[in-house]
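Take a look at the structure set out below.
Proteins come first, then strands; the chains are lettered A, B, ... in the order of their sequence lines, and each starts at number 1.
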Number of protein chains: 2
Amino acid sequence: MKHLTSIRYIDTVARIGSIRKAAEVLAITSTALNRRILAIEEELGVPIFERLPRGVRLNSAGEIFVHHIRNQLSDMERVRSQIADLSGIRRGHVSIACSQALLPYFLPQQIAIYRKEHPAVTFGVYLRDRAAAEQALVDHTADLALVFEPVRLAEFQTILTVRQQVYGVMSENHPLANEETLRLRDCLQHPIALPTNPYGVRYLMELALVDSAIVLNPVIESDSFEFLRNHTLTEGVISFQIPIGLPVEDIPKGSVARPIDLRDVPTGLIYIGQLRGRTLPVAVARFADQITKALQIRYE
Amino acid sequence: MKHLTSIRYIDTVARIGSIRKAAEVLAITSTALNRRILAIEEELGVPIFERLPRGVRLNSAGEIFVHHIRNQLSDMERVRSQIADLSGIRRGHVSIACSQALLPYFLPQQIAIYRKEHPAVTFGVYLRDRAAAEQALVDHTADLALVFEPVRLAEFQTILTVRQQVYGVMSENHPLANEETLRLRDCLQHPIALPTNPYGVRYLMELALVDSAIVLNPVIESDSFEFLRNHTLTEGVISFQIPIGLPVEDIPKGSVARPIDLRDVPTGLIYIGQLRGRTLPVAVARFADQITKALQIRYE
DNA sequence: AGCTACTGCTGCATTTTTTGCAGCGTCTTG
DNA sequence: CAAGACGCTGCAAAAAATGCAGCAGTAGCT
């Protein structure tokens, strides 16, 4: 909306940290942008940016101000979507920050279902580790966060939690492929592949072993779950994943997934959350509702 | 704030229920107001007012919108005051050491103006002669010094200087009361009243006469400017004062002030100063700013 | 030291937006 | 049916925003 242009600009400058760079992104000249900032500072009676030789940075007045205008901007989005809802059309945008496990199957499926009903709603899906996803809520980069074992900031308001047991994924030719459930000590007899540290699965497994003398020695470590999953097929390694990151029906040909005994690795939790105290735009609220129901049905 | 003008207007229209009447209240034409409303409705894609023969009324989209913008407006107020608190212009203490001439009119007036904006800021005003005022800065007894013809210690950092011509103050019945400007030798034909030695006016006048044979022989000598000023009314004496120590508009009934010819007594300077190198508290800096501007306007 | 590249900022001419005036059509009201 | 009030529109003037060119300051590099 037009009357929010200045504060949208300022939001962008605060994110980018440079007036000239932000001006490029916003497709205006740095002059115009600079003047808008000076005008706002004039109105507030106080500068909101520190001028550094390499750009600008919010000072504490700026922190307060920008925090407020981000609320204002997303509130306005909500209002627009409420108004649009009145006239029957649902439009809007849903922005999601989520863990890697949600990307391959769960979210694409859910978004497809939703968009079939409401084609005017657009989506943004952003891969963030546990900490960054929560941060994205705070700075309004995302409306929803779907995170495995989050840090749980004070600003994070849980909508739903879902238990997720860790599974071992391996080739169907693997010696352990026929076990009903896997014991961790058995797995560790074989080469293993693990996600890197910030990810929830790795975190859970290290937590499980913290009291024992055992150390995780992955032959493969990667921050790509997809790579890890594929690698179980090409080499006889065991990878680890949570059910939501696995196909709903059947594991791809040639690989199997077996639960790790709960005595060895406890279940983790996926959290769906939003920024505390925020009233979500209609489209977002509805989507949150949909995936909440889907998860409740799927994981009792 | 400027960028909220449109929504403030809309808020008013919603309250009043008529574009033309609201325009009057807002002191703009109905045309401009009407166009702003149309523009917002355009942006929202939906009207927010029902047009009735007697004016306008919010429709349900408008209810949502106006509810939101009212929140936004009061939030902005809150943010502004948070920022004001943070920057300290709202609270704090300003401590001033100054010459006697500033006490009767100038400072009370300026402090009143400032405190009207920032009632939580407190003031301390201390009468100090030229040397003592500067010393007060050094030992942090005062944040600001306003001094006529100061000693100018090394630690004294000048913020602004203002020229002040010496005036003769006398009863309107005095023989010299009708002169445009006064020559010093004419004044000395009459009884004169002078401040005691440490004061700037006395200093200036003695400086002016140092090369001549003339000696100042006051019939009254006092360290109270107020006493001197009043005494001109009761006895036919001439007293001496600088403009800032005189009322802004009119000299009190019965007395007149006439400038002393610059060939006889040179202009003196009022210095506003602070401790060298010190970063002043925000409240102090603001007040210094205010009086600086006030003085610049008053004595060009 | 000198140089380059990058920063935020400013004066001026130009473009865009906003405003005010006059007037139109519609509707209630006396 | 006339009067008055309402929201709205065409057009010209006023005001604001924008873009260009250029300045001054600083970090990092040679």
Side-chain angles (χ1 to χ4, degrees), chain A residues 1-63 65-66 69 73 76, chain B residues 1-63 65-66 69 73 76 87 277 279 289:
Chain A
M1 297 211 38
K2 192 100 161 290
H3 73 276
L4 297 175
T5 308
S6 280
I7 65 175
R8 261 185 23 237
Y9 285 0
I10 285 179
D11 176 31
T12 307
V13 172
R15 288 179 197 279
I16 294 183
S18 154
I19 296 181
R20 282 179 124 108
K21 293 222 182 71
E24 266 186 62
V25 172
L26 296 168
I28 51 169
T29 50
S30 67
T31 319
L33 184 50
N34 181 38
R35 290 216 169 95
R36 286 196 117 106
I37 293 172
L38 292 176
I40 293 281
E41 293 185 326
E42 174 79 16
E43 287 190 302
L44 288 174
V46 184
I48 56 175
F49 287 107
E50 292 177 62
R51 272 65 171 181
L52 309 173
R54 295 320 237 171
V56 294
R57 189 176 55 193
L58 290 173
N59 62 18
S60 40
E63 294 281 1
F65 187 71
V66 166
I69 64 179
L73 287 169
M76 182 58 84
Chain B
M1 295 209 44
K2 191 92 162 300
H3 72 276
L4 297 176
T5 307
S6 280
I7 65 175
R8 260 185 24 237
Y9 285 0
I10 286 179
D11 176 31
T12 306
V13 172
R15 288 179 198 280
I16 294 184
S18 155
I19 295 181
R20 283 178 123 109
K21 292 220 183 71
E24 264 185 64
V25 173
L26 295 168
I28 52 168
T29 50
S30 66
T31 319
L33 184 49
N34 180 41
R35 288 215 169 95
R36 285 196 116 106
I37 293 171
L38 292 176
I40 293 281
E41 292 184 328
E42 173 80 14
E43 287 188 303
L44 288 173
V46 185
I48 57 175
F49 287 107
E50 293 177 62
R51 271 66 172 179
L52 308 173
R54 297 314 245 165
V56 293
R57 188 174 57 193
L58 289 172
N59 63 18
S60 44
E63 294 281 1
F65 186 72
V66 168
I69 64 178
L73 287 169
M76 182 57 84
S87 65
T279 305
D289 205 47

For [X] and [N], what is the distance between atoms [atom1] and [atom2] respectively, to the nearest whole Å?
| X | N | atom1 | atom2 | answer |
| --- | --- | --- | --- | --- |
| A:Glu42 | C:dC9 | CD | P | 13 Å |
| B:Glu50 | C:dC27 | CD | P | 15 Å |
| B:Ile37 | C:dT18 | CD1 | C1' | 15 Å |
| B:His3 | C:dT18 | NE2 | P | 15 Å |
| B:Leu33 | C:dT19 | CG | P | 9 Å |
| A:Arg57 | C:dT7 | CZ | P | 16 Å |

Exercise. Check step by step if side-chain contact (heavy atoms from CB on, under 4.5 Å) holds for A:Leu58 and A:Phe65.
Key: CA-CA 9 Å; A:Leu58 290 173; A:Phe65 187 71; over 6 Å; no
Looking only at side-chain atoms of [X], point me to the closest of [options].
| X | options | result |
| --- | --- | --- |
| A:Val56 | C:dT7, C:dG20, C:dG8 | C:dG8 |
| A:Arg54 | C:dG20, C:dT29, C:dC6 | C:dC6 |
| A:Arg20 | C:dG20, C:dT7, C:dT10 | C:dT7 |

Self-check item: Residue mapping more 5' on DNA chain C - nearest nucleotide basis, A:Gly55 or A:Thr31
Solution: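 Residue closer to the 5' terminus by nearest nucleotide: A:Gly55.
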Quiz item: Reckon B:Arg36 touches a base, only the sugar-phosphate, or nothing at all at heavy-atom distances under 4.0 Å?
Solution: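 Here B:Arg36 touches the backbone only, sparing every base.
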Exercise. Just call it for B:Leu52: base, sugar-phosphate, or nothing, with non-hydrogen atoms closer than 4.0 Å on any strand.
Key: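 B:Leu52: no heavy atom of the nucleic acid under 4.0 Å.
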Quiz item: Is the distance from OP1 or OP2 of C:dC9 to the nearest side-chain N or O of A:Asn34 less than 4.0 Å?
Solution: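 Checking A:Asn34 against C:dC9: at least one side-chain N or O falls below 4.0 Å of OP1 or OP2.
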Quiz prompt | Range on DNA chain D touched by chain A, heavy atoms, distance below 4.0 Å | solution =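 Here the contact window of chain A covers D:dA17 to D:dA27.
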Self-check item: Any donor-acceptor pair under 3.5 Å from B:Arg51 side chain to B:Phe49 backbone
Solution: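 Checking the backbone N and O of B:Phe49 against the side chain of B:Arg51, a donor-acceptor pair under 3.5 Å is found.
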Quiz prompt | Distance-only donor-acceptor test (3.5 Å): side chain A:Arg35, base C:dG8 | solution =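 For A:Arg35, whose side chain was compared with the base of C:dG8, there is no donor-acceptor pair (under 3.5 Å).
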Quiz item: B:Lys21 or B:Leu38: which one's nearest nucleotide on DNA chain D is closer to the 5' end?
Solution: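 Residue closer to the 5' terminus by nearest nucleotide: B:Lys21.
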